[in-house]
Amino acid sequence: MDYRGRFAPSPTGRLHFGSLVAALGSWLCARHAGGRWLLRMEDIDPLREAPGAAAAILAALPAFGFMADEPVLYQSQRLAAYDAAFTRLQEAGAVFPCWCSRSDLAAGDGLHRDGRCVAPPDPGRAPAWRLRVPDVEIAFDDALQGPQRQNLRESAGDFVIRRVEGLYSYQFACVVDDAFQRITEVVRGCDLLDSTPRQVWLQRLLSLPTPRYLHLPLALDASGAKLSKSTQAHPVDPGDPLPALRRALAFLGLPAADDARDVAALLAQAREHFDPARLPHCSGRSVA
Ligand code: GLU
């Protein structure tokens with residue numbers, strides 16, 4: 001099977017160090033395998049989108065040497081595909097409308113596990129749609145983090161597929177689009193390791209193939225918290241890409257030669273040295 005990898009940023013802010021690491025890691029894995037590297041803009045949630053962020057991310061990536069092999073896929077243009085997949089879940093009886101509020105669920109651990117809504121239906125209010133999650137154990141082998149196992153009902157419960165606002169969830173859109181883009185390898189940060197069982201379960205329900213997964217160490221700040229675009233942590237400067245690219249290479253355990261004068265030379269050296277088996281195996285590393 002031909003390798004097809006991807007980088008799938010959410011436009012919640014400009015490219016920052018954590019997303020640069022995910023872009024670099026997924027790009028290196030794809031190039032190492034002689035495969036294709038695709039881009040998907042996960043602009044599915046206008047409520048969390050920062051104005052101009054999608055364009056800024058797409059403009060920054062080539063400055064760091066990352067050029068997608070196919071046209072960018074925008075999730076904002078994929079609603080018909082999500083509607084079709086959602087209808088299939090509805091027809092299979094796999095989802096249910098839910099009017100429960102956070103406070104309805106707060107009595108337990110905040111998760112919903114009843115397989116049906118426990119609040120009275122409210123015709124005046126749009127429901128969220130949840131997946132009916134059975135007591136099922138999902139196991140997969142992460143190419144870097146090793147064997148993973150999660151009881152889906154315990155860890156995720158009846159998770160939301162379509163929100164009250166009518167927006168589809170990240171888990172659902174990601175699964176539909178990984179299949180649409182025929183992604184064979186998902187390389188992304190360890191913050192999404194525990195999302196993967198939900199995605200694997202959705203793939204099974206929708207009869208979609210399961211790609212291989214590799215979860216990179218997550219870039220953490222000095223206090224051990226995740227760097228995130230929405231908090232504007234560690235933005236990277238596409239006008240001066242070499243320093244951030246060197247730090248990202250070092251973060252992934254690769255030599256970042258001082259004699260490389262430009263991005264192309266630095267990435268060419270990185271490709272030569274890169275071996276996915278030698279990536280750092282930890283789930284998080286500090287960059288401070
Ligand atoms: N859009 C997600 C993010 O920026 C990543 C999605 C993925 O790689 O599956 O955190």
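Heavy atoms only: backbone and side chains are in, while hydrogens, waters and symmetry mates are out. Quantities reported herein were computed from a predicted structural model and do not represent experimental measurements. In each ligand, atom 1 is the first atom listed, and ligand 1 is the first ligand listed.
The parts of Ser10 lying near ligand 1 are both backbone and side chain, judged by heavy-atom distances below 4.0 Å. Under 4.0 angstrom from ligand 1, there are no non-hydrogen atoms of Val186.
For residues 65-90, the set of pairs meeting the salt bridge (charged side-chain N to carboxylate O under 4.0 Å, His left out) definition, not counting sequence neighbours, comprises Arg4-Glu70, Arg31-Asp69, Arg36-Glu70, Arg78-Asp177.
When the shell of 6.0 Å around CZ of Arg182 is examined, it contains 12 or fewer heavy atoms from other residues, nucleotides or ligands.
In this structure, Arg6 is part of the shell of residues with a heavy atom less than 4.0 angstrom from ligand 1. Ligand 1 has Tyr170 within reach: a non-hydrogen atom of the residue lies less than 4.0 Å from it.
Every residue two or more places apart in sequence or in another chain that forms a side-chain hydrogen bond (donor to acceptor under 3.5 Å, both in side chains) with Glu42 is listed here: Arg40, Gln75.
No side-chain donor-acceptor contact under 3.5 Å links Arg271 and His32. Checked by atom type, the side-chain pair Ser103/Ser101 shows a donor-acceptor distance below 3.5 Å.
Phe7 and Phe66 have their aromatic ring centers separated by at least 6.0 angstrom.
Close approach of ligand 1 to Cys174 is summarised as follows: ligand atoms under 4.0 Å from at least one heavy atom of the residue are 9 (O). Atoms of ligand 1 lying under 4.0 Å from at least one heavy atom of Arg188, given by number and element, are 7 (C), 8 (O), 9 (O).
In terms of polar-atom proximity, Ala8 is counted as a contact of ligand 1, with an N or O under 3.5 Å from an N or O of the ligand.
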